[in-house]
Amino acid sequence: MEIARRSLERWLGRSDVVGAEAERTRIFRGGGGGRKGFAAIRGKLARADRRGKVLLIGFDSGQGFLSHLGMTGKWVRREGVAEPYSRARLHLADGSVVHYRDPRLFGRIETHPAGVLESLPAVAALGPDPWLRPPTGRSLREALGSSRVPIKVALMDQNRLAGLGNIHAAEALWRAKIHPGRPARSLTPAEWSRLANAIRRGLAYALAAEDSEEIAYVEEPGTENPFRIYARAGEPCRRCGTRVRLLRQAGRRTDFCPHCQPARRSSR
DNA sequence: TGACCCCTGGCC
DNA sequence: GGCCAGGGGTCA
């Protein structure tokens, strides 16, 4: 999402929006001005912000929109209007077209005045963003530590901590050597501290490694799995060589190393 | 908390 | 043809 935010900031920042279109799809479900509101967008970029997985985009016209990418959403810049699964388009003064592309239609766009975006309930309810405010062991425990739910599930609860998804939650737990099924409130101060570190390092690593023009999703042709643990079940752990195992938590896969991330705290 | 739903595509 | 997939919402 941060890569998507930077892309939009770069593209819209150097060329104004002179026209817009939106297909009639469920992307525009939810509140606000809907697809008609989106199609009316014009002007110079005034803000390109992000809270967790939600992008907040505003223009000097006072118009704005919120964008959530779901699982397969993507903002891309093209020279023309031909783009598979393009659901919405911003036409820029330089002749290029910024498309919102989303095959599965799990993403969402809502149009609202630029100034009210963060007061929308869906945005206001979000927990702290670990990229904007790097977590410490203490802050993380304050955000998640009262919960009995498995730490992996707690990490993905956007109202507790906003921005980590399935991949980065699994990556952080592997880096921190914490079993994903541990109840959040059973973590020790040392573990909270390791986890905070792991989140900070994981995000920095992902952004440094993948800051390109577009988001690259794992399954795209020609891309190797760039993650340390995610989707590596059955392979040897990259740290200890133990066979990576697979759990299912809250309907999501969790890859973990049973040796590095033991279910019970070691007594050592 | 788990089951199911929303969608389409890729892989076996 | 069946199963799986980054997200989130709803229901019992």
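Numbered from 1 within each chain, the chains take letters A, B, ... in sequence-line order.
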Is there, by distance only and without an angle test, a donor paired with an acceptor across the side chain of A:Arg104 and the base of C:dA5 below 3.5 Å? yes
Calculate the interatomic distance between A:Gln158 atom CD and C:dG7 atom P; express it in whole Å. 8 Å
Mind checking which stems touch DNA chain B? I mean at least 3 consecutive Watson-Crick or G-U pairs, both distances under 3.5 Å. B:1-6 with C:7-12, B:8-12 with C:1-5
Less than 4.0 Å between a side-chain N and a carboxylate O, is that true for A:Glu83 and A:Arg78? yes
Roughly, in whole Å, what's the span from CG in A:Asn225 to C1' in C:dA5? 13 Å
Does C:dG7 have OP1 or OP2 sitting under 4.0 Å from an N or O in the side chain of A:His68? no
Determine yes or no for a side-chain-to-main-chain donor-acceptor pair under 3.5 angstrom, with A:Arg108 supplying the side chain and A:Glu110 the backbone. no
Phosphate-side-chain proximity, A:Arg26 and B:dC7, N/O vs OP1/OP2 below 4.0 Å: yes
Hey, what do you get for CE (A:Met1) to CG (A:Asp129), rounding to the nearest 0.5 Å? 10.5 Å
If I take atom CD1 in residue A:Ile27 and atom P in nucleotide B:dC7, what distance separates them, rounded to the nearest angstrom? 10 Å
Using whole Å, report how far CD of A:Glu110 lies from C1' of C:dG7. 15 Å
Cation-pi between A:Arg175 and A:Tyr205: NZ/CZ under 6.0 Å from ring centre and within 45° of the ring axis? yes
Is it the case that the side chains of A:His91 and A:Glu21 hold a donor-acceptor pair, with the cut-off being a distance below 3.5 Å and no angle test? yes
note: A:Lys152, atom NZ; B:dG2, atom P; distance rounded to Å ~ 12 Å
Could you state the atom-to-atom distance from CZ of A:Phe106 to C1' of B:dT8 in whole Å? 8 Å
Is the distance between the ring centroids of A:Phe256 and A:His179 less than 6.0 Å? yes
Could you state the OH-P distance from A:Tyr100 to B:dC7, rounded to the nearest angstrom? 14 Å
May I have the distance from A:Glu23 (atom CD) to B:dT8 (atom P), rounded to whole angstrom? 14 Å
Taking 4.0 Å as the cut-off, does a side-chain nitrogen or oxygen of A:Arg248 come that near to OP1 or OP2 on B:dT1? no
Looking only at N and O atoms, is any donor in the side chain of A:Arg252 or the base of C:dG7 less than 3.5 Å from an acceptor on the other one? yes
Side-chain donor/acceptor of A:Ser15 to backbone N/O of A:Leu12, under 3.5 Å: no
